[in-house]
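Only one structure is covered here, and it is reproduced in the block below.
None of these values were measured; they are calculated from a predicted model. Order of the sequence lines fixes the chain letters, A, B, ..., with proteins taken first and strands second; residue numbering starts at 1 for each chain.
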Number of protein chains: 2
Amino acid sequence: MNSATSNSSGNAAPGASAGVASSASPTFSPLYQQIKALITQSLQSGEWKPGELIPSEVELAARFKVSQGTVRKAIDELSAENLVVRRQGKGTFVATHHEERAHYRFLRLMPDAGEPRQAESRVVEVKRLRAPAEVARMLELKGGDSVIMIKRVQSFEGVPAILEEIWLPGALFRGLTAERLIEYKGPMYGLFETEFGTRMIRATERVKAVSTEAAVGELLAVASGTPLLSVERVSFTYGDKPVEVRRGLYRTDSHHYQNELS
Amino acid sequence: MNSATSNSSGNAAPGASAGVASSASPTFSPLYQQIKALITQSLQSGEWKPGELIPSEVELAARFKVSQGTVRKAIDELSAENLVVRRQGKGTFVATHHEERAHYRFLRLMPDAGEPRQAESRVVEVKRLRAPAEVARMLELKGGDSVIMIKRVQSFEGVPAILEEIWLPGALFRGLTAERLIEYKGPMYGLFETEFGTRMIRATERVKAVSTEAAVGELLAVASGTPLLSVERVSFTYGDKPVEVRRGLYRTDSHHYQNELS
DNA sequence: TAGTGGTCTAGACCACTAT
DNA sequence: TAGTGGTCTAGACCACTAA
């Protein structure tokens, strides 16, 4: 028994095995990448839901007919991408937005001094309409497709700080109403995740400095012309599919947008 | 030979071995973390300089008396932190700011449309002075310590876009002159790295929207009161030691601050 | 061809969590 | 005590680079 490989029992040619990427094909990828893709599919399909325990590494290794080390490397990457959370002694869990941990991953506005506070949210408007060209482009929708627009103001200790418009594809968020939004406690991405089966994975943001316009000034309680941070976010689910456009205006007189470069 | 561990030859108790973290001590960390720390020390001390090849995994494994897999895991993390760059078939290299790759890691201002352009830099002022309280605090200096302040304007295709003040600890940048800065081609962090042996590793930024003041307006060719992005950066070297404070004002009329949330 | 990083396996033991 | 993730080893082969 010469340890591994060299055919016979243990290993196989790279690109084969795992029941995937069969034979004559120009697409070769490492086994662990294939396993990672398979696990991601199960996450996406809802076989394992957010917050739930996924099968143990040993089980997955058996299922996919690979070694535990290979499954491990696949899960390592999923964990690094925050799709999954490992807990020693307990198992590996599907990541969820219903957690203290996740709350600040997508909230970059921090107080200049002191601890972060919980934001209070006030929904100003919810409506359905045909997607404006710009939004349609960013959500990869057709021109006439229906979208939902939510406008809300978030405050810290009674002081308004964020005004944002949130645009969602109508097809994905059928039953979404103003009432549901208002009564819901917790992060909006948590609502999206549990009620609409759409889990936000990552986002890109474009930040600019703009001048307060009259209508905005009222909602944020600042004078016209005051500089505001404009943050345009596009959020993605599995498969890099865009599922949200968020246009925010942030007051930065006592808060700042925090970023780590590494 | 029962494969590994259980004393005798291969393994040892965790926290021991590798010539580190000797015996009776309450600090236990995985072997690969100790190896990582040792490699980091060699990087910091300049045993291997930016751009250079470090010893192969096999060599390091022999030097530290651990398996190649353990060295590998250590280097994996260093690579993820951008301290080191792996190149298959060639070896592992110390990361450097003299590379196309690194240029955009710390430059977040992107054109709203089109390809990123090379910025032209114009040094406005260089002076030495006693650190102002705020700067001293951020650089972890004593009140009276000397600092260097560089003021410069960066333009894209002739249009000024960035005005920044760069504050450096005087002790670390002894020979730094305006002439040297002006004649130097390439990224400023490259200069810091090769001429002063100070390599910037990571940074944190605080972004706000502010209103253009008169003196600033002239340098950036915008009217007073125009909204600008204020970006305050603190940069760190090895050991989380702060080595630079950078206060930038960005025009965002045709550029934006780009960020990825993941 | 030799050397490097990259993948994969198999197996052992450790640390932590539950029962 | 059993099960889970976390660490570590040893060894094989692959993909890529350069002499």
Give a yes/no answer on whether the side chain of [X] brings an N or O atom under 4.0 Å of OP1 or OP2 in [N].
{"X": "A:R86", "N": "D:dG6", "answer": "yes"}
{"X": "B:R72", "N": "C:dG6", "answer": "yes"}
{"X": "B:S56", "N": "C:dT4", "answer": "yes"}
{"X": "A:K73", "N": "C:dT7", "answer": "yes"}
{"X": "B:T70", "N": "D:dC8", "answer": "no"}
{"X": "A:K90", "N": "C:dA18", "answer": "yes"}
{"X": "A:S67", "N": "C:dA10", "answer": "no"}

Which nucleotide in the set D:dT7, D:dT9, C:dT17 lies at the smallest distance from any side-chain heavy atom of B:P30?
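So the nucleotide nearest the side chain must be D:dT7.
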Spacing between [X] atom [atom1] and [N] atom [atom2], to the nearest angstrom:
{"X": "B:I54", "N": "C:dG3", "atom1": "CD1", "atom2": "C1'", "answer": "15 Å"}
{"X": "A:F28", "N": "C:dT7", "atom1": "CZ", "atom2": "C1'", "answer": "15 Å"}
{"X": "B:I35", "N": "D:dC8", "atom1": "CD1", "atom2": "P", "answer": "9 Å"}
{"X": "A:Q68", "N": "C:dT7", "atom1": "CD", "atom2": "P", "answer": "18 Å"}
{"X": "B:E57", "N": "C:dG3", "atom1": "CD", "atom2": "C1'", "answer": "12 Å"}
{"X": "B:Q34", "N": "D:dC8", "atom1": "CD", "atom2": "P", "answer": "8 Å"}
{"X": "A:L31", "N": "D:dA15", "atom1": "CG", "atom2": "P", "answer": "13 Å"}
{"X": "B:I75", "N": "C:dG6", "atom1": "CD1", "atom2": "C1'", "answer": "13 Å"}

Presence of salt bridge, [Y] and [X], under 4.0 angstrom:
{"X": "B:R206", "Y": "B:E232", "result": "no"}
{"X": "A:E47", "Y": "A:R63", "result": "yes"}
{"X": "A:K36", "Y": "A:E81", "result": "yes"}

Searching all strands shown, indicate the nucleotide that pairs with D:dA10 (Watson-Crick or G-U wobble; both distances under 3.5 Å).
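Result: C:dT9.
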Watson-Crick or G-U wobble partner of D:dT4, both distances under 3.5 Å:
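Result: C:dA15.
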Looking across every strand, which nucleic acid part, if any, lies under 4.0 Å from A:R87 by heavy atom: base, sugar-phosphate, or nothing?
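Touches sugar-phosphate only.
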Taking the nucleotide of DNA chain C with the closest heavy atom to each, which residue, A:Q88 or A:Q33, is nearer the 5' end?
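Result: A:Q33.
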Which residue, A:Y32 or A:G89, contacts DNA chain C at a nucleotide closer to its 5' end, judged by nearest heavy atom?
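It is A:Y32 whose nearest nucleotide is closer to the 5' end.
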Nearest atoms (heavy-atom pairs only) where B:H97 meets B:R199:
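The pair with the smallest heavy-atom distance is CD2-NH1, 3.2 Å.
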Hey, does B:T198 have a side-chain heavy atom less than 4.5 Å from the side chain of B:E193?
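When only atoms from C-beta onward are counted, B:T198 and B:E193 do not touch, as no gap falls below 4.5 Å.
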Strictly distance-based, threshold 3.5 Å: is any side-chain N or O of A:Q34 a donor or acceptor partner for the main-chain N or O of A:S29?
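Checked: pair present.
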